[in-house]
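Small disclaimer: the values here were computed from a predicted structure and weren't measured. Each chain gets a letter, A, B and so on, in the order the sequences are listed, and its residues count up from 1.
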2 protein chains.
Amino acid sequence: MTRIVIAEDQGLLRGALASLLRMEDGIEIAGEASDGREAWNMIRRDPPDVLVTDIEMPGMTGLELAAAIKRDGLKVRVLIVTTWARPGYLRRALEAGVSGYLLKDTPAEALAAAIRAVAAGERVIAPDLAAMAWEEADPLSDTERRLLRLAEAGLDSPAIADATGLARGTVRNYLHEAISKLGASNRIEAARLARAKGWL
Amino acid sequence: MTRIVIAEDQGLLRGALASLLRMEDGIEIAGEASDGREAWNMIRRDPPDVLVTDIEMPGMTGLELAAAIKRDGLKVRVLIVTTWARPGYLRRALEAGVSGYLLKDTPAEALAAAIRAVAAGERVIAPDLAAMAWEEADPLSDTERRLLRLAEAGLDSPAIADATGLARGTVRNYLHEAISKLGASNRIEAARLARAKGWL
DNA sequence: CGAAGCGGGTGACAGCTGTCATGCACGGGC
DNA sequence: GCCCGTGCATGACAGCTGTCACCCGCTTCG
């Protein structure tokens with residue numbers, strides 16, 4: 001019997017997945033969590049065989065969960081199920097030692113099979129994404145990433161300078177760096193590109 | 001027996017919802033569609049009692065589906081199920097004559113109940129949203145909306161002028177209007193605010 | 001008819017943005 | 001000890017942005 005915990009903040013999907021998986025032989029739902037922290041408490045108290053988790057959740061993200069599990073040496077395999085086909089997410093997931101990464105637009109039948117494969121020690125990566133993992137690494141420095149996030153939110157250079165304690169000119173230098181690294185022609189486009197790759 | 005069609009582009013959710021609803025008495029799944037156009041063909045060929053649909057889908061959005069159903073006078077009640085708690089979306093949905101609007105983070109058990117209520121001619125609105133429907137209407141003109149979308153994509157004023165055939169100064173005038181209508185301090189913030197409200 | 005409103009436009013100005021050259025301190029490597 | 005990379009900064013300049021005042025042609029309506 002493979003014991004699983006489902007962590008997913010969308011109630012409808014969480015409930016529907018639970019009812020889908022309850023019909024599968026050999027899979028037992030040990031718990032359902034609606035945010036990352038709840039999932040972490042559940043896992044620490046009674047580690048399941050497999051954690052099926054979303055990435056973007058309140059409290060703790062799925063990637064943070066995977067990292068915490070690895071850090072504490074828990075014997076829980078992690079299967080990420082997310083909307084986002086972003087190379088940056090996949091890369092971080094693999095670095096955090098996850099066993100599987102599926103997209104939410106794969107057919108529902110594939111989920112139980114993926115859970116069984118992961119439980120058996122195999123690695124399951126969404127086919128469209130397997131190739132992307134080795135594509136371009138994140139070229140942004142931490143400072144560039146931080147400033148780009150603020151620019152994305154609509155702050156102008158002086159406001160960003162105030163918010164970060166940097167000089168105005170320095171802010172523009174960092175954004176310039178980010179823009180040219182990303183091949184964009186202004187900060188808006190740069191932020192869009194970086195977000196699409198999962199680097200923000 | 002209530003016959004329903006499910007239109008939802010995320011395969012996992014679509015499949016899981018189908019399996020959830022298949023266990024309900026009195027509900028029969030007449031079809032599943034993975035994009036708006038497929039759903040429309042399905043509905044026209046053989047109208048179900050209720051259409052359960054996402055909003056953002058390739059081909060045709062759920063709002064367009066609802067409008068098309070209303071235009072052709074089909075006797076299909078529409079239940080929107082979406083991630084987005086945006087007043088603009090809810091308003092447009094109500095104008096298109098939908099019978100229900102649920103968020104994807106409502107508990108799964110509520111879905112079957114909502115479908116039955118809608119089939120019985122009742123109207124079901126997610127409680128958090130009911131109040132928002134009468135909040136601020138979209139203040140943007142069509143031109144403002146169009147230019148804001150281009151600005152959001154990272155085009156600067158000259159590029160937007162080229163793309164729309166307007167003069168550069170005019171582009172700035174429209175964006176200025178949009179910025180001040182929305183109480184933003186630049187085009188980036190304006191685009192973010194408008195998108196958050198569902199006006200873009 | 002005339003006034004008002006609307007879509008589209010111009011010109012001007014202060015301030016922001018993108019680009020580049022250049023400077024300086026500091027912490028490694030050799 | 002010297003050299004280089006890195007992080008942060010400055011100054012300058014062309015071009016873009018936000019704001020405002022004002023113009024024109026075309027409905028629309030009293």
Can you tell which of [options] lies closest to the side chain of [X]?
{"X": "B/Ile179", "options": "D/dT19, C/dT10, D/dA9", "value": "D/dT19"}
{"X": "B/Pro158", "options": "D/dC16, C/dG18, C/dC16", "value": "D/dC16"}
{"X": "B/Asn186", "options": "D/dT17, D/dC8, D/dG18", "value": "D/dG18"}
{"X": "B/Thr170", "options": "D/dT17, C/dC16, C/dG8", "value": "C/dG8"}
{"X": "A/Arg172", "options": "D/dT10, C/dT19, C/dG7", "value": "C/dT19"}

Protein-nucleotide distance ([X], atom [atom1]; [N], atom [atom2]), rounded to Å:
{"X": "A/Leu148", "N": "C/dG18", "atom1": "CG", "atom2": "P", "result": "10 Å"}
{"X": "B/Asp156", "N": "C/dC16", "atom1": "CG", "atom2": "P", "result": "18 Å"}
{"X": "A/Tyr174", "N": "C/dC20", "atom1": "OH", "atom2": "P", "result": "18 Å"}
{"X": "B/Leu150", "N": "D/dT17", "atom1": "CG", "atom2": "P", "result": "13 Å"}
{"X": "A/Asp142", "N": "D/dT6", "atom1": "CG", "atom2": "P", "result": "14 Å"}
{"X": "A/Lys181", "N": "C/dT19", "atom1": "NZ", "atom2": "P", "result": "14 Å"}

*Using a heavy-atom cut-off of under 4.0 Å over every strand shown, decide if A/Ser157 touches base, sugar-phosphate, or nothing.*
sugar-phosphate
*Looking for any heavy atom pair under 4.0 Å, which part of the strands does B/Leu175 touch: base, sugar-phosphate only, or nothing?*
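Nothing, no nucleic acid heavy atom in range.
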*Starting from the 5' end of DNA chain C, give me the residue, A/Leu155 or B/Asn173, whose nearest nucleotide shows up first.*
B/Asn173
_Reading DNA chain C from 5' onward, which residue's closest nucleotide shows up sooner: B/Ser141 or A/Arg168?_
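Residue closer to the 5' terminus by nearest nucleotide: B/Ser141.
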*When you check the phosphate oxygens OP1 and OP2 of D/dT19, does a side-chain N or O of B/His176 lie under 4.0 Å from one of them?*
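Checking B/His176 against D/dT19: at least one side-chain N or O falls below 4.0 Å of OP1 or OP2.
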*Do the side-chain N or O atoms of A/Arg187 get closer than 4.0 angstrom to the phosphate oxygens (OP1, OP2) of C/dT17?*
yes
*In plain terms, say whether A/Asp54 and A/Lys104 are close enough for a salt bridge, that is, a side-chain N and a carboxylate O under 4.0 Å apart.*
yes
*State whether B/Arg22 and B/Glu32 are salt-bridged, where the test is any N-O pair (Lys NZ or Arg NE/NH1/NH2 against Asp/Glu carboxylate O) under 4.0 Å.*
yes
*Knowing that exactly one of B/Arg37, B/Glu38, B/Arg45, B/Arg44 qualifies, which makes a side chain to side chain donor-acceptor pair (under 3.5 Å) with B/Asn41?*
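Filter result, single survivor: B/Arg44.
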*With B/Leu12 as reference, evaluate A/Asp105, A/Val81, A/Leu102 under the side chain to side chain contact (heavy atoms under 4.5 Å, CB included) test and give the passing residue.*
A/Val81
*Using a distance-only test with no angle check, is there a side-chain donor-acceptor pair under 3.5 angstrom linking A/Thr2 and A/Arg77?*
no
